[in-house]
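One structure below.
So you know, we letter chains A, B, ... as the sequences are listed, proteins then strands, and number each from 1.
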Amino acid sequence: MTGPPERPSTERTRLATAGARAATAGSLSRQPGGDVVKGNIFFALLLLAIAVVLFGLAAIIVQAAINGAPALSFDLFTNPSSSLPERAGFRTALIGTLYLILGVVLLVVPIGVGAAIYLEEYADRTRWWNRLIELNIQNLAGVPSIIFGILGLAFIVRGPLDLGFIVAAGSLTLALLVLPTVILAAREAIRAVPPSIREGSLALGATQWQTIRRQVLPASIPGIATGVILAVSRAIGETAPLLLVGATTFVTFNPTFLGDDGYSALPVLIFNYATRPQDEFQTLASAGVIVMLVVLLAINAFAVWLRNRYERQW
Amino acid sequence: MTSSRWFAVVASASVLAVGVAACGSGGGSGGGLSGTIRIDGSSTVAPLSELVAELFQEENPDVKVTVGTSGTGGGFEKFCAGETDISDASRSIEPGEEEACADNGITTSRLTVANDALTVVVNPENPVSCMTVDQLNQVWDPQLKLGSWSEIKGLEPSFDAELTLFGPGTDSGTFDYFTGAVNGEEGAQRSDYNNVGEDDNQTVTGVQGADGGMGYFGFSYFEENEGKVKALEIDGGEGCVAPSAETVRDGSYVPLRRGLFIYPSAEALRRPEVQEFLQFYLYRVNDVAAQAGFIALTGKQLREAQSELKTLLGSGGEGTAG
């Protein structure tokens, strides 16, 4: 019933939009020749920039695929590490990495989002300590990962926390490493929520916390998810801090999150295979790169799917 | 909205559950022994310990053995902090390290598990085939810092190319052993070399790519890369000797012939799974060495190591027969 009367109006809108677009395009194309050339040059530079990025990525994938092809099989996912190349796989390291990443996500999302909410919604920017906190978080994002490894060894594995060489200690260290990324992304996402939404909610009598929980946070989930994807992508590839906080290279059993039996992680095992004298292990290392890419893509695909579910247009 | 949120919660919970189930299924019925044995140390010895550990765990599925590669020095550091049970080493423990261990109440003894020929490699195009220890010392001396092969005194035939040096990092037992044998003092080596850390394949690539390249590593790296690099014969005072399994076993490859060791801690030796593991180690080590590209012990060395272990187990409490 509501269909027919509406059609003319949408039709009119469509025509109006098309007309406006044509008019804009027409006025743009009437620009002087020099500007058109400049525009084209700029466009070419943009294409070049994206080509460089894609070429780098493609080169890594193609090289790993070519070098690792002889070793690629499903056994890589099911066999534990071994010092005999014909039966070596990545299962134990893969499980170690999944635990590490799960721990990182569980730590980083509440802490990162909490910090971002405080900084965006509660912190008074005229106070010097809030500006100091902001500055420090931005600087932390640039600290080399090995520094976090040393920190993790001194304060988490040994020292005050004294957790020992367990997966949870590795997760904590990696979480510290990627927290700045999540905080910065979450802040951007929260800031992008239009003030009118907040004002509308407050005007209807909601408290500040209700506004944040019901309006601001759901609206900023896509941006936060992007930050988490970036953080996980970085954490999954880190080797140096993990070596310091106890990821060993040779583990033939499935690790547990809190058990102190030892654990390994994909990049650590790939590095270990790559440094061995036998050619077969170098092939395995390349195959390991593919395994890691598959895992990373799977994790990120899940996050992207989650993000798209919550995507909203204002 | 609510249902989709529930779905996300259920999905993540099931991911968790699958992970937990996967690690639960790891343990099975075993031969009675259980526990964890932590090994760390030399990356040169690691492949040997790993293969032994793998075979051992097939027979004792409830014993978990991990092997790390922190380097001989890095391994002893963890070992003396009580963080590992057995330390892999490509040189003997140093007095300073022994003190650090003693401060934490850790005592240890050495078991020889394989032989190695520290191999000096050059580019295949290099006409030089033999160098004396003194000439090697000129190349690696911390003060001389020669820039070219033509500056090495008494070298035949003469060769003019820029010296490009590759070597392991300072945590490496290979580094310690080489500097001790060639420069007369452990750790004394010119600092302007390409430090490859624990990754000896970089030395292969580097020496292969530089006409005047030179580097050193364990014999197994040379064996796997013959043709890409050339091994120098070493004149330790009694003529040129090429590195090989034979010259190592008969003792003629001096001074770069070395033993590879494991150091169990006295405390770990009291645990039945460690006792069993070490007996298994010395029982299988020569087959395993051949499989993993190591130079096996001579019959005499093996008997010595086994009797050494027997003494250790005798003093360490109740020894179990293999």
**Request:** Just do the side chain to side chain contact (heavy atoms under 4.5 Å, CB included) check on B:K78 and B:S70 with the steps written out, would you?
**Result:** CA-CA 9 Å; B:K78 288 185 179 171; B:S70 307; 3.4 Å; yes

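Of the candidates B:L232, B:L118, B:V248, B:L256 forms a side-chain contact (heavy atoms from CB on, under 4.5 Å) with just one, namely B:L118.
For the atom pair OH of A:Y99 and OG1 of A:T256, the computed distance is 7.0 Å after rounding to the nearest 0.5 Å.
Between chain A and the options B:T66, B:I39, B:I37, heavy-atom pairs under 4.5 Å are most frequent for B:T66. Interface summary for chain A: among B:T69, B:N225, B:V196, the most heavy-atom pairs under 4.5 angstrom belong to B:T69. When the candidates B:R38, B:E83, B:Q57 are compared by the number of heavy-atom contacts under 4.5 Å with chain A, B:E83 comes out ahead.
Between B:F76 and B:Y263, the ring centre distance stays below 6.0 Å.
With a 4.5 angstrom heavy-atom cutoff, B:Q202 does not touch chain A via any of its atoms. In this structure, chain B has no heavy atom under 4.5 Å from any part of A:R91. Neither the backbone nor the side chain of A:A247 comes within contact range of chain B, judged by heavy atoms closer than 4.5 Å. Proximity to chain A is absent for every atom of B:V204, based on heavy atoms less than 4.5 angstrom apart. Interface remark: A:R276 contributes backbone and side-chain atoms alike to the contact with chain B (heavy atom separation under 4.5 Å). At a 4.5 Å heavy-atom cutoff, B:E223 makes no contact with chain A through either its backbone or its side chain. Residue A:F165 touches chain B through its side chain alone, counting heavy-atom pairs closer than 4.5 Å. For a residue to count as touching a neighbouring chain, one of its non-hydrogen atoms must lie under 4.5 Å from one of that chain's; by this rule B:E50 touches chain A with backbone and side chain alike.
Between B:E58 and A:R87 there is a salt bridge, with a side-chain nitrogen of the basic residue lying less than 4.0 Å from a carboxylate oxygen of the acidic one.
B:E77 CD: 12 or fewer foreign heavy atoms inside a 6.0 Å radius.
A donor-acceptor pair under 3.5 Å is absent between the side-chain atoms of B:T72 and the main chain of B:G41, judged by distance alone. Not one N or O on the side chain of A:S201 forms a donor-acceptor pair closer than 3.5 Å with the backbone of A:I197.
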